[in-house]
Amino acid sequence: MAGNAIVPLWRRWLKDNGRNLGLALALGLALLVLAVLSPKYMTFDNLVVVALQMAFIGIAALGTTHLVIGGNIDLSIGSLFALTAVCAAMLAKVSPPFVAILGAILLGSAIGLLNGALIWRVKLSPIIITLGSLAILRGVVLLLTGGYSVRGVPSLFGEIGQWRLVGLPLPVCTLLGLAAFAHFILTHTTLGRHLFAIGGNREACEAAGIPVRRLVLGSFLINGGIIGLSGALAASRFGSASPSFGIALELDAITAVLLGGVAFTGGEGNVLGVMLAVALLGVINSGIVSLGIDPNYAEVVKGATLIAAVTLNQLSHEAREQHRKRSAMRELL
Amino acid sequence: MKSMASDAAISIPAPARAALMRCVGISKFFGGVRALHRVSLDLFPGEIVALVGDNGAGKSTLVKILSGICQPDEGDLWFGEERPQRLTARQARKFGVETVYQHLSLCDNLGAAANVMLGQEPVRWQLGPLRILDEPRARTEAMRRIGEVGVVLEDLNAPVRRLSGGQRQAVAIARAMVNAHRLVMFDEPTAALGVKQTHATLELIRRVAQQGIAVVLISHNLDDVFAVSMRIVALRHGQVCLNVPTEKTSRATVVAAMTGVALEGRE
């Protein structure tokens, strides 16, 4: 009995953290291989560049994480990213940088909320609705810019994206700050608890008096706001905004979210896993380049990693279920 | 016969005790379908009322109306002296009305503690819309509630999908009891349970009533109904066709009222 109590404890820990442990091991392994094969890779400067490459995907993944945990999804974030970046750049030309960034956040929030409201009202799959917005918003960006990048933003606006905090570029700091905040929200507040609950059983939440509509609309709004912020940061960082920004951003974000252990059906996931997945994807991408391999392999490896991870997860889940059923049967007999 | 039945339902003698909750002439239509027709029902403290009826008789609709999920097309709901214009689920909770559903409305992905405290998590401190969970208090409170139901759970954090049917039922009942101070409705509480767990659940229902709360038990199982209820209310085609103290009726009468078959034969 005493032994029994100890074994389930580490088993339970492994069950809860196995996914993250696996991701961390994969990340460590990838870094180790790179450190040996390409000495220049493991320098602070290079790692900062990698982090910067992943910052925008990481920020988008955070928004997608809390949407998916609540049982929703927004596919339009790639186009929204481009739209808010372009609008921030345009605004920056005629107003102070602060207004441009705020404008991008507000625009992102408003469009996110609009998506959410439409999904709520029409009661259709968010995949269908936001697939539509994905196309619409990309079209709007192209119409707005005539297909050309918005250049010549004032230098002050351009400088903000170059700021560094403790040696880290602003987008990376934003990612880390948002990640910490998202983790806190999901694990320590009623808001996060209710998001998980809605992803688990929406009807139960309605019966329990949880303001489901407000939470679902709120998560779309916040998601849009986050994308707006990162769009503005991108425009500032690059000193210009291209209408082709953020193509396939939604796919990268969803890849990271699923690889990070968020259940596509909602109700399960954690920020640490998603951040580990973002890091792993970033290291795979940049590592393949620095090893001198054809960068097109990066996409292949990315896809294979996702499939391998979810397959492994599903198989171990099935094995656990079977074990549980068998031991339950044994108890019954 | 039909008109007699509804007359009988409306002319309930003025109660000696104050009713915790009264439904007066509740009607509900779904499109052209009449789900409930002038249903009146008084619920008293400590009384277990069994609500019986065939499938589609309107039991679930009545439960939904009492818990504020559906709004009636006609009729009034009284909570003591108060009569809300339009009862919402939130308001019903505020009035202390709780329902334990047939398909247990649990979040399978959350632990027992989180499920019991769902929607009323203890808060350590609040910062605008951010309410910080008080996890230890939630756990002790949930443990106490589940203990009152008479079940011991090893791990309050394990997702409830890993629990047995009886344990899940206990979690659902424990959750209802957090907030219920007026009325608890049990929708087929023993449908998925074994003999022992059924017994335990019925015992719990008695204990709930002993706290002075009105209890409505919806069940197809007449053994359960006669074992715990004090009054039996039968619905047929959305109308109350029987409303009698349990000791003054028989299974045959109840079945007849539910189906309408034997009663018409007797006439």
Side-chain angles (χ1 to χ4, degrees), chain A residues 1 4-5 8-9 11-13 15-16 69-71 181-182 184-215 218-219 221-222 262-263 265-270 317 320-321 323-325 327-329 331-332, chain B residues 63-64 67-69 88-94 97-101 103-111 113-135 138 154-155 157-165 171-172 175-176 178-179 185 187 194:
Chain A
M1 200 60 211
N4 255 352
L9 213 78
R11 267 221 186 133
R12 199 180 304 152
W13 186 88
K15 209 183 300 179
D16 292 345
I69 284 175
F181 187 62
F184 175 74
I185 294 285
L186 284 177
T187 54
H188 285 82
T189 67
T190 55
L191 221 62
R193 172 63 53 78
H194 292 167
L195 270 182
F196 278 103
I198 291 170
N201 186 344
R202 183 186 278 208
E203 283 166 16
C205 293
E206 273 162 2
I210 291 171
V212 176
R213 184 178 61 165
R214 210 186 310 159
L215 276 168
S219 57
L221 180 134
I222 300 276
V262 177
T265 44
E268 247 150 85
N270 64 84
H317 178 74
R320 271 207 306 267
E321 282 296 299
H323 172 79
R324 206 166 58 82
K325 264 186 207 150
S327 51
M329 283 300 276
E331 260 174 52
L332 220 76
Chain B
V63 170
K64 279 184 187 159
S67 55
I69 293 172
T88 61
R90 212 158 236 275
Q91 267 180 317
R93 283 177 79 81
K94 232 172 55 206
V97 176
E98 286 288 335
T99 315
V100 179
Y101 284 102
H103 305 291
L104 308 165
S105 26
L106 295 179
C107 293
D108 279 337
N109 56 328
L110 299 182
N115 266 293
V116 169
M117 305 310 291
L118 188 67
Q120 30 214 327
E121 293 84 358
V123 170
R124 190 171 300 169
W125 49 269
Q126 186 166 359
L127 192 87
L130 291 187
R131 284 191 281 274
I132 313 302
L133 290 168
D134 190 342
E135 216 51 89
E154 270 178 47
D155 184 357
N157 287 330
V160 294
R161 77 166 85 85
R162 294 190 202 146
L163 301 182
S164 73
V171 172
R175 169 155 104 220
V178 173
N179 189 45
M185 292 180 281
D187 189 1

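Owing to the predicted nature of the structure, the values given are computational and were not obtained by experimental measurement. All values below were derived from every heavy atom in this structure, side-chain atoms included, with hydrogens, water molecules and symmetry-related copies excluded. Proteins get letters first, then strands, A, B, ... in listed order; numbering begins at 1 in each.
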*Asks:* Out of A/Cys205, A/Gly266, A/Ala204, which one racks up the most heavy-atom pairs below 4.5 Å with chain B?
*Replies:*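 Between A/Cys205, A/Gly266, A/Ala204, the count favours A/Ala204.
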*Asks:* For A/Ile185, is it the side chain, the backbone, both or neither that has a heavy atom under 4.5 Å from a heavy atom of chain B?
*Replies:*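 Just the side chain, heavy atoms under 4.5 Å.
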*Asks:* Does a sphere of radius 6.0 Å around CZ in A/Phe181 hold more than 12 heavy atoms from other residues, nucleotides or ligands, not counting ones at 6.0 Å or beyond?
*Replies:*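 It does not: A/Phe181 CZ has 12 such atoms or fewer within range.
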*Asks:* At a heavy-atom distance under 4.5 Å, which candidate from B/Gln126, B/Arg161, B/Arg175, B/Arg131 has the highest pair count against chain A?
*Replies:*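 Option with the greatest count: B/Arg131.
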*Asks:* State which residues pass side-chain hydrogen bond (donor to acceptor under 3.5 Å, both in side chains) with B/Asn157; sequence neighbours excluded, sorted by chain then number.
*Replies:*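 If we apply the side-chain hydrogen bond (donor to acceptor under 3.5 Å, both in side chains) test to B/Asn157, skipping adjacent residues, there are no hits.
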*Asks:* So which part of B/Leu118 gets closer than 4.5 Å to some heavy atom of chain A, the side chain, the backbone, both or neither?
*Replies:*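 Both parts, backbone and side chain.
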*Asks:* With a 6.0 Å cut-off (strictly less than), is the heavy-atom count around CZ of A/Arg320, excluding the residue itself, greater than 12?
*Replies:*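 Counting other residues, nucleotides and ligands, CZ of A/Arg320 exceeds 12 neighbours.
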*Asks:* Need one label for B/Glu135: side chain, backbone, both or neither, based on atoms under 4.5 Å from any heavy atom in chain A.
*Replies:*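 Contact with chain A: side chain only.
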*Asks:* Identify which part of B/Asp155 has an atom lying under 4.5 Å from any heavy atom of chain A, answering side chain, backbone, both or neither.
*Replies:*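 Side chain only.
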*Asks:* My understanding is that only one of A/Thr189, A/Thr190, A/Leu186 makes a side chain to side chain contact (heavy atoms under 4.5 Å, CB included) with A/Leu195; could you say which?
*Replies:*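 Result: among A/Thr189, A/Thr190, A/Leu186, A/Leu186 is the only option passing the side chain to side chain contact (heavy atoms under 4.5 Å, CB included) with A/Leu195.
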*Asks:* Checking B/Ile132 against chain A: side chain, backbone, both or neither under 4.5 Å from a heavy atom?
*Replies:*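 Both parts, heavy atoms under 4.5 Å.
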*Asks:* With chain B as the partner, which of A/Gly199, A/Gly192, A/Gly200 has the greatest number of non-hydrogen pairs under 4.5 Å?
*Replies:*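 Highest number of pairs under 4.5 Å: A/Gly200.
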*Asks:* Tell me the salt bridge (charged side-chain N to carboxylate O under 4.0 Å, His left out) pairs involving residues 200-211 of chain A, sequence neighbours left out?
*Replies:*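 Listed once each, the pairs would be none.
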*Asks:* Just to verify, which of B/Val171, B/Val160, B/Asn115 counts as forming a side chain to side chain contact (heavy atoms under 4.5 Å, CB included) with B/Leu110?
*Replies:*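 With B/Leu110 as partner, side chain to side chain contact (heavy atoms under 4.5 Å, CB included) holds for just one option, B/Asn115.
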